[in-house]
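Heads up: the structure comes next, in structure tokens.
All values below come from the heavy atoms of this structure, side chains included, with hydrogens, waters and symmetry mates left out.
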Amino acid sequence: MNINKNMNMNMNTSKRKFSVIGCGRVGICLAAFLFKKEYEPAGFFSRSRTSAQAAKAAAGCGTVFDTAADCARAGDIVFITTPDGLIETICGDLAQQKALGPQTLVFHLSGAHSSEILAPAKQAGAIVGSIHPLQSFTPYEPGQANPFEGINISVEGDPDAVSQGKDIASALGARAFAIPTESKTLYHASAVVASNYLVTLVRFALTLLMETGLKEDVAFEILSPLIQGTLFNIGSKGCTRALTGPVVRGDHETVFRHLADIDEKTPQFSTLYRLLGAHTLDIAKAGEGLPEEAEEILSKLFEM
């Protein structure tokens, strides 16, 4: 019998051991739900030992370590799920302490940073990448639904890290997509605009409606079907065809009245309305039927 071949078969059929360094919301959820999908928890480390113990409890097994280095040594896959500002330092410490064996997979879960901040691990022979779940995580509770189920997860880094990162995402019940390492910052900016700035835009709309005397919860209830309908139209028709309203119609008289009232009653939003209007005009121009005269007038109205 070929002993090496037999050993490789055993390795391929065994569970992959993983360690989690940084047991916050994401780290604990990763421990809980990746374990349930045929990956074996090996170790947990966190600045708060209580958090590491919570991760172990969520996973149902594994070891709580006193140092990040010992935790990393226990796993074939090392997830650094600390706050963004600590990732690079921790990675450097792990490399310096020779805690990363050759071909160890090292992932961080930051959306804002690429795998380039894991350079010390790569120099030590590890395979590096980043995995970023497009999801908001609440504190883990036993018996909760899988927060990874059906979401999208970006993966980037070394080719093998991208390949295995996709497998990890699939095991979690998520959909994975790869992005170039050099595009990670723009990817994260896109997520911020879609999530954080959407809150700002909705607050803008709610404030204007609240000027009529309505309370915020009532204003949201009124606008919610419109918001949901617009999102549906974007998904089914694309941005250009989904655009409705005075700008795409070339109705500069209505826009003029909007601006006059906003400038008088909610001047804190005057600049934002004009900025959004100018970019909306760009979308309208990509369609058909916007009169040239209306386009010129709208452009002047949106000037700041």
Do you know which of His113, Glu156, His108 makes side-chain hydrogen bond (donor to acceptor under 3.5 Å, both in side chains) with Ser130?
->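 The residue from His113, Glu156, His108 that satisfies side-chain hydrogen bond (donor to acceptor under 3.5 Å, both in side chains) with Ser130 turns out to be Glu156.
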Quick one: side chains of residues 222-231, donor-acceptor pairs under 3.5 Å with protein atoms, not counting sequence neighbours, listed by atom name and distance.
residue	atom	partner	partner atom	Å
Thr230	OG1	Leu226	O	2.8

[atom1] of [X]: more than 12 outside heavy atoms within 6.0 angstrom?
| X | atom1 | answer |
| --- | --- | --- |
| Lys122 | NZ | no |
| Glu253 | CD | yes |
| Glu221 | CD | no |
| Glu141 | CD | no |
| Phe256 | CZ | no |
| Glu288 | CD | no |
| Glu216 | CD | no |
| Arg203 | CZ | no |

Rounded at 0.5 Å granularity, tell me how far [atom1] in [X] sits from [atom2] in [Y].
| X | Y | atom1 | atom2 | result |
| --- | --- | --- | --- | --- |
| His279 | Leu276 | NE2 | CG | 8.0 Å |
| Glu40 | Arg16 | CD | CZ | 11.5 Å |
| Gln268 | Asp263 | CD | CG | 11.0 Å |

Are the side chain of [X] and the backbone of [Y] linked by a donor-acceptor contact shorter than 3.5 Å?
| X | Y | result |
| --- | --- | --- |
| Arg25 | Phe137 | yes |
| Ser183 | Leu186 | no |
| Gln135 | Ile151 | no |
| Thr81 | Gly22 | yes |

Step-by-step side chain to side chain contact (heavy atoms under 4.5 Å, CB included) determination, Phe18 to Phe107 = CA-CA 11 Å; Phe18 68 91; Phe107 291 103; over 6 Å; no
Check whether the ring centres of Phe204 and Tyr197 lie less than 6.0 Å apart, and answer yes or no.
->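 For Phe204 and Tyr197, the ring centres are not under 6.0 Å apart.
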Asp160 and Gln164 side chains, donor-acceptor separation under 3.5 Å = yes
